[in-house]
Amino acid sequence: MSKIEKFVESITPRDEDFARWYTDICLGAELCSYSSVRGCIILRPYGYAIWELITLELDRRFKDTGHQNVMMPLFIPESMLQKEKDHVEGFAPEVAWVTHGGETPLTERLCVRPTSEVLFCDHYAEIIQSWRDLPKLYNQWVSVVRWEKTTRPFLRTREFFWQEGHTAHATKEDAVEETLRMLDVYEEFYRNALAIPVLKGLKSESEKFAGAVETYTVEAMMHDGKALQAGTSHYLGDGFAKAFNIQYTDKDNQLRYVHQTSWGVSSRSIGGLIMVHGDDEGLVLPPAVAPIQVVIIPIATHKEGVLEEATKLRDVLKCTGLRVFLDDSDRMPGWKFSEHEMKGVPIRLEIGPRDIAKNQCVAVFRDNREKVFIALDRVAEEVPALLDALHDRMLERAERSMRERIYDVERLDAFVRTMEEKPGFIRASWCGSAECEAEIKELTTATSRCIEEGVDVEGRVCVVCGKKAQCSVFWGKAY
RNA sequence: CGGGGUGUGGCUCAGGUGGUAGAGCGCUUGGUUCGGGACCAAGAGGUCGCAAGUUCAAGUCUUGUCACUCCGACCA
């Protein structure tokens, strides 16, 4: 074993160097490659397949809630971007500009979209006239560019893939309802598709989206205790509508401004998958977004009947609609085991001469490595149920891991000490002032992740200044 | 933007004091193997990041430059 081990490709142990472990997985599981442009990645087939499944899961939910897909242009004229003041100021530092067409300088430079609020607004101003035109429930699947200085695969890339929903409503109530509805969609998606539990809530003033009235977020806790902003949903109010003159004639023949929302989830969610579920053997994927849900590994393929039985097994499983892969390459079985563990395949089925003699196969689960025998004529019924159970275990484990690492703190010194000593989130009351929030960032580098919903803080005081608390906040170091 | 590090086959790296490039892994072909990363044999593959300079001679020395990477600052 030790002689072999030397030659075996291995990844950095997770708890030795989390950042290197993360990169090792991205490359080792063949999710992505670095590209020749710093901060941009190439999504390889396996990584893209995961993204494709994520988009399918989300898109289905968007359609179910009445949304339509559109495609806006890649470029935004500078003058259009500048119409909403807060919005430009927020994005200006990280915008990429197109200045030339061929050799000819452009009369107005074009921004490569960092997000598409203004494009949607410009279009909405054109197509919305009457209350009958509302609501407009649009979404688009595109990539956007933000010229980041520090980049990491999936977590912070200069170009990333995402969906951005943009809606226009007649009233504030409708828009706020939409904002919260999509936040719930995100939460449900993260739990049921990615097996990732999230904290849901409102962002503080300093953390909210440039140009929004309110920003809601779903925040997930990674294995190292840091927070990943996993999705945001913004209530934009009528600020954009006023800047872009998006008005409609209401039933009472009065001109009114629309109220808008926007919301997005990006390819960063893949980073979340890696950092929530991965282990020292590699990626661990929840079945819903696993490009291969079941890998079949035949043992002793040169022996009579093995490949035939393995193929039969594959065909039976395919009929149940599962994504199955029969690895009949000429690699050693051990090599295949490791390879598919690295790729996070939820269930491995082994079938060899000894199994065939007993009319069974061996199932091994990626999450807990447990092994069970399944009768060949029971595979089609049992495997789907085993996958469901695997998803539930993954979610449960992630949930426990998060809950166990949220610490309640009442005083600033305890806050600082806890943040230093224990990876995870802190739950602490806050007066709502930007000064106190800044002080915590200054002392600990942690930021407010979101405001806890439905909590009565009567009688409580701010963890920093000791004045009357306005709300309970989750704090953490963030990616 | 500041500081450190690294650029040599696809990958990881070796090449004291200059003399015209090597290993392991991977890859190709054939054979034997197959229940946790096999073995044997024969092959293919490199203008040493780029550009100047010193020298009879540069992977090696000098200068410049570019890229990547780590730490910090910044950052939705």
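Lettering of chains follows the sequences in order, A, B, ..., and the numbering in each one begins at 1.
- Here rU12(B) presents its P atom at 10 Å from CG of L27(A), a figure rounded to the nearest Å.
- D355(A) has its CG atom 13 Å from the P atom of rG35(B), to the nearest Å.
- We find the OG-OH distance between S233(A) and Y235(A) to be 12.5 Å, quoted to the nearest 0.5 Å.
- When each of R348(A) and T445(A) is assigned the nucleotide of RNA chain B bearing its nearest heavy atom, the one mapping closer to the 5' terminus is R348(A).
- Look at R449(A) and you won't find any side-chain N or O under 4.0 angstrom from OP1 or OP2 of rA76(B).
- Across all strands, E207(A) comes closer than 4.0 Å to no nucleic acid atom at all (heavy-atom distances).
- A donor atom on one side chain and an acceptor atom on the other are not found under 3.5 Å apart for H259(A) and E178(A).
- rU6(B) and rG43(B) have their C1' atoms separated by 33 Å, given to the nearest Å.
- Using a 30° and 60° split on the angle between ring planes, F209(A) and H234(A) fall in the parallel class, below 30°.
- The residue R156(A) sits close to a base: some heavy atom pair falls under 4.0 Å.
- Base pairing of rC61(B) is made with rG53(B), judged by Watson-Crick or G-U wobble geometry with both donor-acceptor distances under 3.5 Å.
- For A210(A), counting side-chain heavy atoms from C-beta on, the closest listed nucleotide (rG37(B), rA76(B), rG36(B)) is rA76(B).
- Side-chain atoms of R369(A) stay outside donor-acceptor range of the base of rG36(B), with no qualifying N/O pair under 3.5 Å.
- Comparing rA42(B) with rC25(B), their P atoms are spaced 14 Å from each other, to the whole Å.
- Side chains of E214(A) and T179(A): no donor on one and acceptor on the other come within 3.5 Å.
- With a cut-off of 3.5 Å on both pairing distances, the Watson-Crick or G-U wobble partner of rG72(B) is rC1(B).
- E341(A) comes within 4.0 angstrom of a nucleotide base, judged by non-hydrogen atoms across all strands.
- Computed from coordinates, the K441(A) NZ to rA76(B) P distance equals 7 Å when rounded to whole Å.
- Per the geometry, CG belonging to D327(A) stands 14 Å off P belonging to rG35(B), to the nearest Å.
- Ring to ring, W21(A) and F18(A) are close: their centroids are under 6.0 angstrom apart.
- For rA76(B), its base never sits under 3.5 Å from the side chain of T215(A) at any donor and acceptor pair.
- Listed candidates were rG35(B), rU69(B), rC75(B). Nearest to the side chain of V362(A) is rG35(B).
- Under the 3.5 Å distance criterion, the side-chain polar atoms of H340(A) are left unmatched by any main-chain donor or acceptor of R366(A).
- Across all strands shown, rA67(B) pairs with rU6(B); the Watson-Crick or G-U wobble distances both stay below 3.5 Å.
- Place T23(A) and H302(A) on RNA chain B by their nearest nucleotides, and H302(A) ends up nearer the 5' end.
- Here F91(A) lies in heavy-atom contact (under 4.0 Å) with a base.
- Across all strands shown, T150(A) has heavy atoms under 4.0 Å from base atoms, whether or not it also approaches the sugar-phosphate.
- Here the C1' atom of nucleotide rC71(B) and the CZ atom of F18(A) are 19 Å apart, to the nearest Å.
- Remark: C1' of rC74(B) and CZ of R158(A) are 13 Å apart, rounded to the nearest angstrom.
- Of the nucleotides present, rU28(B) is the one that pairs with rA42(B) by Watson-Crick or G-U wobble criteria, both distances under 3.5 Å.
- Residue E339(A) has its side chain nearest to rG37(B) when only rA73(B), rG37(B), rG35(B) are considered.
- Look at D328(A) and R314(A) and you find no salt bridge, because none of the NZ, NE, NH1 or NH2 atoms lies under 4.0 Å from a carboxylate O.
- When distances run from any side-chain atom of I299(A) to the nucleotides rC34(B), rA73(B), rG37(B), the shortest one goes to rC34(B).
- Pair assignment for rA14(B) gives none, since no Watson-Crick or G-U wobble pairing has each distance under 3.5 Å.
- Under the Watson-Crick or G-U wobble criterion, with both distances below 3.5 Å, rU20(B) is left unpaired in every strand shown.
- To the nearest angstrom, P of rC70(B) lies 10 Å from CZ of R20(A).
- R331(A) has its CZ atom 13 Å from the P atom of rC39(B), to the nearest Å.
- Here D330(A) lies out of heavy-atom contact (under 4.0 Å) with every strand.
- P353(A) comes within contact range of at least one nucleobase, with a heavy-atom separation under 4.0 Å.
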